[in-house]
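Reading through the structure tokens given below for one structure.
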Amino acid sequence: MTTAKDIMHSGARWIPAHETLDRAAQLMREHNVGALPVSANGDSDRMVGIITDRDIVVGCVAKGHDPSKVTAGDLAQGTPRWIDAEADVNAVLEEMQSHRIRRLPVVENKKLVGMISEADLAQHLTEEQIAAWAEKVYSRS
């Protein structure tokens with residue numbers, strides 16, 4: 001059985017909710033990632049959301065806000081989604097498809113251990129699995 005841990009990108013980093021978006025962008029650049037889970041208070045005990053590079057551009061910069069004054073917590077919206085490291089890849093696909101998300105944090109023993117992105121799926125799944133996933137995540141309905 002292929003698990004979430006088998007296909008994830010390890011070494012995901014949290015950003016505390018109180019950190020500014022300019023710091024989030026710096027972390028994304030340093031770690032070559034496009035998304036960061038946002039933690040409630042800086043330790044990795046409770047996720048309050050995820051912010052993406054697109055969120056920073058569209059939700060802050062394009063609105064004329066200063067990314068050195070807006071926090072990650074200000075931008076994190078919705079109910080955070082995650083998957084257990086031992087979950088089967090079919091559960092990963094179902095979670096991402098049902099919530100139409102492209103990145104999914106992976107948690108083991110209540111600790112963030114990685115992230116699954118579109119690139120991870122492309123490297124580990126069959127063309128048929130990827131096509132079905134993309135159709136459900138990107139469809140307009």
Side-chain angles (χ1 to χ4, degrees), residues 1-68 70-141:
M1 166 180 89
T2 302
T3 66
K5 192 170 188 173
D6 295 329
I7 66 171
M8 74 180 190
H9 160 163
S10 62
R13 287 244 354 208
W14 291 95
I15 187 160
H18 68 271
E19 282 286 357
T20 59
L21 296 182
D22 60 342
R23 180 65 185 136
Q26 292 164 0
L27 284 172
M28 287 179 190
R29 182 191 65 221
E30 289 169 17
H31 296 282
N32 194 31
V33 298
L36 295 169
V38 180
S39 66
N41 57 11
D43 59 19
S44 55
D45 69 344
R46 189 169 67 90
M47 182 170 43
V48 296
I50 293 179
I51 58 168
T52 66
D53 45 8
R54 185 178 191 284
D55 293 334
I56 294 170
V57 171
V58 174
C60 178
V61 176
K63 291 182 176 179
H65 300 293
D66 182 350
S68 69
V70 179
T71 67
D74 292 335
L75 216 55
Q77 298 177 357
T79 303
R81 308 306 311 179
W82 56 272
I83 194 91
D84 187 87
E86 295 304 316
D88 180 82
V89 70
N90 292 321
V92 170
L93 293 173
E94 176 59 32
E95 183 71 14
M96 294 175 85
Q97 290 168 346
S98 65
H99 297 286
R100 299 179 68 151
I101 56 177
R102 291 169 276 190
R103 296 174 179 100
L104 186 62
V106 179
V107 174
E108 185 174 54
N109 299 320
K110 299 183 180 181
K111 301 286 184 198
L112 178 70
V113 294
M115 184 84 77
I116 296 173
S117 69
E118 293 168 297
D120 299 313
L121 296 179
Q123 291 175 9
H124 294 93
L125 303 179
T126 67
E127 288 182 22
E128 293 79 20
Q129 287 174 307
I130 295 167
W133 175 84
E135 182 179 349
K136 290 180 181 170
V137 170
Y138 291 110
S139 69
R140 291 183 183 200
S141 56

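When every heavy atom of Met1 is checked against every heavy atom of Asp88, the shortest pair comes out as CG-OD1, 3.0 Å. Heavy atoms only, all atoms of each residue included: Val137 and Arg102 are closest at CG1-CG, 4.0 Å. Here the shortest heavy-atom pairing between Ala76 and Ile51 reads N-CG2, 4.0 Å. Heavy atoms only, all atoms of each residue included: Val33 and His9 are closest at CG1-CE1, 4.1 Å. Taking each heavy atom of Pro16 and Ala72 in turn, the nearest pair found is O-CB, 3.9 Å. Of all non-hydrogen atoms in Pro105 and Arg81, the two that sit nearest each other are CD-O, 3.2 Å.
The shortest side-chain heavy-atom distance between Pro80 and Arg46 does not fall under the 4.5 Å cut-off. Residues Ile83 and Met8 fail the side-chain proximity criterion, which asks for heavy atoms closer than 4.5 Å. Contact of the Arg13 side chain with the Leu36 side chain is registered, since non-hydrogen atoms from C-beta on lie closer than 4.5 Å. Side-chain contact check for Trp133 versus Leu125: every heavy-atom pair is 4.5 Å or farther apart. Looking only at side-chain heavy atoms (C-beta outward), Asp55 and Ile50 stay at 4.5 Å or farther from each other.
Considering OG1 of Thr20 and CD1 of Ile15, their distance stands at 7.0 Å, rounded to 0.5 Å. For the atom pair CG of Asp53 and CG of Leu21, the computed distance is 12.0 Å after rounding to the nearest 0.5 Å. With rounding to the nearest 0.5 angstrom, the CE atom of Met28 is 4.0 Å from the CD1 atom of Ile56. Rounded to the nearest 0.5 Å, atoms OG1 (Thr2) and NE2 (His124) are 8.5 Å apart. The distance from atom OG of Ser117 to atom CD1 of Ile101, rounded to the nearest 0.5 Å, is 12.0 Å. Taking CG from Asp22 and CG from Leu27, the interatomic distance works out to 10.0 Å, rounded to the nearest 0.5 Å.
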**OP:** For the pair Ile116 and Val106, evaluate side chain to side chain contact (heavy atoms under 4.5 Å, CB included) and give the outcome as yes or no after the intermediate values.
**Re:** CA-CA 7 Å; Ile116 296 173; Val106 179; 3.6 Å; yes

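The closest donor-acceptor contact from the side chain of Gln129 to the backbone of Thr126 lies under 3.5 Å.
Other residues, nucleotides and ligands place no more than 12 heavy atoms under 6.0 Å from the CD atom of Glu127.
With sequence neighbours left out, Glu108 forms a side chain to side chain contact (heavy atoms under 4.5 Å, CB included) with Lys5, Ala85, Glu86, Val113.
A salt bridge between Glu94 and Lys136 is absent, with no side-chain N of the basic residue lying under 4.0 Å from a carboxylate O of the acidic one.
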